[in-house]
Structures are given as C-alpha cells and as structure tokens.
Amino acid sequence: MRNQISFFARPLIILLFFSLSSEVLAALQQTTDRFTEYKGQVVNSRNQDPLAGAYLSVQNTNISTVTNNDGEFSLKIPQDLENVNVLVSYLGFQSRTLPLEFFQKGNVVIELKESLEELEEVSIFTYTDPKALVRNMLDNRGSNYFTDRTTMTAFYREAIKRGRKNVSLSEAVVKIHKQSYDSNADDDIALVKARKTADYDRLDTVALKLRGGPYNPLSIDLMKNPTHIFNEMDLSNFKFTFDDPTKIDDQYLYVVDFEELNKQTPWYYGKLFIDANTFSLVKASFNLNVDNRSAATDLFVKKKPGGTRVYPVEVNYDITYRQKDGRWYFGYGHTQLEFVVNWKRKLFNSRYKVNSELAVTNWEINKEKVKRDDSFLSRRVIMNDDVTGFADLTFWGENNIIEPDESIESAIDKIRDKLENN
C-alpha cells in the first residue's frame, strides 16, 4: 500500500499575501583560475532541435552536468585534468565521446543522432510480463545501486513563473548525504552556497512558495524510496504494459508504462526505463493525475488567501540515474507543478508554474557517518524565505551548475539592474 504521506508527491505549496520584506540577492558567475569553463549546446542532428536534459560527464572522473531547456550546457573542469574525454549521452540517441580539445573552440554545437536500430528484434529482451519485470527491478535494488554512503555535490534550482514571466528564482550548491540504497535511513541535504531573486511586481499580490526545496526532486528517487508509489510485495494496484524498447549508452532498455488502478484520489501514471541486462531502473517519467481538484488541493496547498480557490492542474516528475563501476546512483531529479489561483470578483485567474531540479555534479564514497550541523536543511525549508547569508560572488565559478534558460537569465538581469539603480 502507498505511504499515506509521500513527501515528494505531497510538496506543500504555501500561498500567502506577498510581503516586500524578503531579501533579494543576485550574484554573477565567475570562473576561478583553477577551473576552465566550457560552454555549448547539444542538439538533434536531424532537425537541430535542442536536447534538454542531455548528460555530459568527464570520463574517469565523477564530474558531470546536464543541459537546460535550450540544450545549453556549462561544464567546468579543473585545469590539472589533461587529455580527458567527455561523454555526451541522451535517451534514444547515439552517445558521443569527445576529447576536451573539441570544447576549447568555445560555444560548440554537439549533434547527436537518433538510434534507429530495430530494438524489438534484439534477443536480449526476454521478459513477456511487464509486472514481473518491475518486481524484479524492485527486488534487485540492493545489488544494482550504491550500498555505500556517499556525499554528492549537487546544483539545485527552483524557479517560479506567473504566466510566462519568471517571478522568483533560488539556486544553491548543496551536499547530499546519500544513504545506502539497501538502507531505510533518510538522505540529508546540507547547504553550501545559495542565491535568490524575486520580482514582486509580477507576483500579483500573491507569493507562491515551495516547501521542501531540494528535498522535493531528491525524494522522487524511486529506488531509494519505492514505497512512495509501489508496494514491493504487491503491485496489484497498477496496470503495467510494454512500450517500444529504446537504447542509451549502448544499453538496451525496456520501456514499461504504468497506471494506478484506484482513481478515487489523485493517481500516478508514467514510464519506467529498465536496463535489459541488470533490470536496473535507469530513468522514470511520471505524473500525478489531479482531475479531482478538491483532493489535489488538500494534498498540495497548505495555506491560501481568503477569497481564492487554488488547485493544481499539472504535476510532473522525472528521475535519472547514473552508473559508475557497475552500480547506479541518483543523478538528476526534476519536479514541475502548475497551479491556478481563482479570485472571487475577478474575471481572470492567475497561473503559476513551479519547477525544481537537482543535478549531481560530483560525488565521493563516505565511509564515516556525517555529523549534522547548522548547514543541514530542514525538510520544511522554503528557499526564498529561510536561506540567508550564503551569497558569495566568487564561489560559483568552480562549481558545475545548470546553464540558466534565456528567460531566467533575463529575469535575473532585470532584477539586478533594479537593485543597482536604487
């Protein structure tokens, strides 16, 4: 049976009348002398469409990053690394391995070709029962995923839009203290550095705030927390069907569609991408159906102003795993929630979209248990309210972050100009 309160599926969005007392911080990215930054774009070779979420990793290291919605990336590499190669991969496309010197031309465009192999003919796909495959995937998580405690460096971004305009942005470098995948212990997150901006002129007298910050995309780690959706012993509440298989990094993947059968409350549906050799979950994309507005509001909305109706209209989740030395680990998580605010006596409603993403950019095995200190974040943290005193203009240069989308960068620049002119 699903947990009564699944944290990632129950992020608490707080709607309050806005206050101008929130601190507004902005910081410029700078590259330190110890690191070199390489920028570019990853696109589909057939039509030049950008590939959002493409993965770039420096081979024989734990350094990595992902592309933004425009397919753009920023990859920062220590200058003492020479003669290294960078692997560029994306689900359903042929991966490319490129020497570092390729990136030195600046703002390179990397074209990936779609995988055209007729995968249904590949003999490695032996499962005929999708439910049995999912059960095997869950049963083998202790042998397929990290069993050591790890400390991961990660980049977190939380963006809130009203309509098409960015109104709030929080970014942070964090340390994820990840527990073993065969452990029931909770993961912890410690804050290293953060910065935030807010354009209150566009908030329309309502400030929408996301409780949980980086814990939201981390909590969709289905292989660490499978009971948030699936019951490992009983999968009878779900319908499973096979979709066309696919391939990534020369790995053949089953694609399993799933749909929750009990539709009296908000219900899950989506896709699981499962490695055909090890039966490891490589990627999951899923949604929460929120057509039942009353029940969905109870799940997501903690507070709201009087005279309003507030309800979610779209809830999406994405999780991607990375592989190292035959073991898989959390690599990237993304949550997207869209809300409608209806005011009494107003003709038009307001739509807000909340995006939060967490990308692991480096990690190391941690043999000793980490002691908690003041840098550890609460699972109820509100980044735009609770995080203060961490802005550092010189810090961001040596950390891999997700390149800002053009719209986000424009919003930051406008807010920065306002601050400088006041």
- Note on the structure: Smallest heavy-atom separation, Phe376 atom then Lys371 atom, equals CE1-O, 3.7 Å
- Message: Using the ring centroid of each side chain, check whether Tyr268 and Phe258 are separated by less than 6.0 Å.
- Response: no
- Message: Nearest 0.5 Å, please: how far is NZ in Lys271 from CG in Asn287?
- Response: 10.5 Å
- Mind checking side-chain hydrogen bond (donor to acceptor under 3.5 Å, both in side chains) for Tyr55 and listing every partner two or more places apart, or none if nothing turns up? none
- Report the residues that fulfil side-chain contact (heavy atoms from CB on, under 4.5 Å) with Gln336, sequence neighbours left out, ordered by chain and then residue number. Glu314, Asn316, His334, Lys353, Asn355
- Item | Check: Ile63 and Leu81 side chains under 4.5 Å, non-hydrogen atoms | yes
- Message: Would you compute the distance between atom CD1 of Ile189 and atom OG of Ser375 and round it to the nearest 0.5 angstrom?
- Response: 11.5 Å
- Residues in side-chain contact (heavy atoms from CB on, under 4.5 Å) with Asp186, at least two apart? Arg379
- Task: Sort out for me which residue in Leu56, Val86, Val108, Leu100 forms a side-chain contact (heavy atoms from CB on, under 4.5 Å) with Tyr38.
- Result: Leu100
- Task: Calculate, to the nearest 0.5 Å, the distance between atoms CG and CG belonging to Asp243 and Leu272 respectively.
- Result: 11.5 Å
- Message: Give me the atom names and distance for the closest heavy-atom approach of Trp328 to Thr278.
- Response: NE1-OG1, 4.2 Å
- Message: Applying salt bridge (charged side-chain N to carboxylate O under 4.0 Å, His left out), can you list everything that pairs with Arg351, at least two apart in sequence or on another chain?
- Response: Glu338
- Look at the side chain of Thr61 and the backbone N and O of Val58, then say whether any donor-acceptor pair between them is shorter than 3.5 Å. yes
- Task: Verify side-chain contact (heavy atoms from CB on, under 4.5 Å) between Ile319 and Tyr332, making sure each step is shown before the conclusion.
- Result: CA-CA 6 Å; Ile319 173 74; Tyr332 176 74; over 6 Å; no
- Task: Decide side-chain contact (heavy atoms from CB on, under 4.5 Å) for Val84 and Asn60; before the verdict, give the C-alpha distance in whole Å, the side-chain angles of both, and the deciding distance to 0.1 Å.
- Result: CA-CA 8 Å; Val84 296; Asn60 300 318; over 6 Å; no
- Message: Has Arg141 got a side-chain atom pairing as donor or acceptor with Met223's backbone, closer than 3.5 angstrom?
- Response: yes
- Note on the structure: Interatomic distance, OG@Ser57 vs CD@Gln323, rounded to 0.5 Å, equals 11.5 Å
- Message: With a 6.0 Å cut-off (strictly less than), is the heavy-atom count around CG of Asp373, excluding the residue itself, greater than 12?
- Response: yes
- Message: Within the 4.5 Å heavy-atom criterion, are Met383 and Pro214 side-chain neighbours or not?
- Response: yes
- Query: Per the side chain to side chain donor-acceptor pair (under 3.5 Å) rule, which among His177, Arg372, Lys178 passes with Asp188?
  - Reply: Arg372
- Without swapping roles, check the side chain of Lys224 against the backbone of Ser183 for a donor-acceptor pair under 3.5 Å. yes
- Task: May I ask you to decide if Asp182's main-chain N or O and Ser180's side chain share a donor-acceptor pair within less than 3.5 Å?
- Result: yes
- Message: Looking at Asp187 and Gln179, would you say the former's side chain and the latter's main chain have a donor-acceptor pair under 3.5 Å?
- Response: yes
- Just by distance, do the side chain of Thr67 and the backbone of Ala54 share a donor-acceptor pair under 3.5 Å? yes
- Query: Is there side-chain contact between Phe300 and Leu288, with at least one heavy-atom pair below 4.5 Å?
  - Reply: yes
- Query: Any side-chain heavy atom of Glu259 within less than 4.5 Å of one from Trp267?
  - Reply: yes
- Message: side-chain hydrogen bond (donor to acceptor under 3.5 Å, both in side chains) for Asn44 and Tyr90? Distances and angles first, verdict last.
- Response: CA-CA 10 Å; Asn44 184 332; Tyr90 189 76; over 6 Å; no
- If you measure from the Lys or Arg side-chain nitrogens to the Asp or Glu carboxylate oxygens, is any gap between Arg327 and Asp148 under 4.0 Å? no
- Message: Checking side-chain polar atoms at under 3.5 Å, does Asp291 have a donor or acceptor matched by the opposite partner on Asn289?
- Response: yes
- Checking Tyr156 side chain against Ala194 main chain: does a donor-acceptor pair fall under 3.5 Å? no
- Item | Approximate separation, where rounding is to 0.5 Å, of Asn47 CG and Glu114 CD | 7.0 Å
- Can a donor-acceptor pair be found between the side chains of Asn144 and Tyr181 at a distance below 3.5 Å? no
- Note on the structure: In Phe279, Tyr321, Tyr329, the residue satisfying ring pair (Phe, Tyr, Trp, His ring centres under 6.0 Å) with Tyr145 is Tyr321
- Item | Test side-chain hydrogen bond (donor to acceptor under 3.5 Å, both in side chains) applied to Thr335 and Ser356, step by step | CA-CA 5 Å; Thr335 69; Ser356 61; 2.4 Å; yes
- Query: Do the side chain of Asn225 and the main chain of His228 share a donor and acceptor less than 3.5 angstrom apart?
  - Reply: no
- Query: More than 12 heavy atoms of other residues, nucleotides or ligands under 6.0 Å from NZ of Lys239: is that the case?
  - Reply: no
- Task: Take Leu138 and Leu235 through the side-chain contact (heavy atoms from CB on, under 4.5 Å) test and state the conclusion after the steps.
- Result: CA-CA 11 Å; Leu138 296 172; Leu235 298 175; 4.1 Å; yes
- Task: Measure from the ring center of Phe339 to the ring center of Tyr352 and say whether it is less than 6.0 Å.
- Result: no
- Query: Where the side chain of Ser74 meets the backbone of Glu37, is there a donor-acceptor pair that is under 3.5 Å apart?
  - Reply: no
- Message: So, using side-chain contact (heavy atoms from CB on, under 4.5 Å) as the criterion, who are the partners of Lys113 when residues are at least two apart?
- Response: Ser45, Gln94
- Query: If you round to the nearest 0.5 Å, how far is CZ of Phe103 from OG1 of Thr36?
  - Reply: 13.5 Å
- Say whether, by atom type as modelled, one donor and one acceptor occur between the side chain of Asp275 and the main chain of Asn277 under 3.5 angstrom. yes
- Thr150: side-chain hydrogen bond (donor to acceptor under 3.5 Å, both in side chains) partners, not counting sequence neighbours: none
- Evaluate side-chain contact (heavy atoms from CB on, under 4.5 Å) for Val88 paired with Phe73, printing each intermediate quantity in order. CA-CA 11 Å; Val88 185; Phe73 65 86; over 6 Å; no
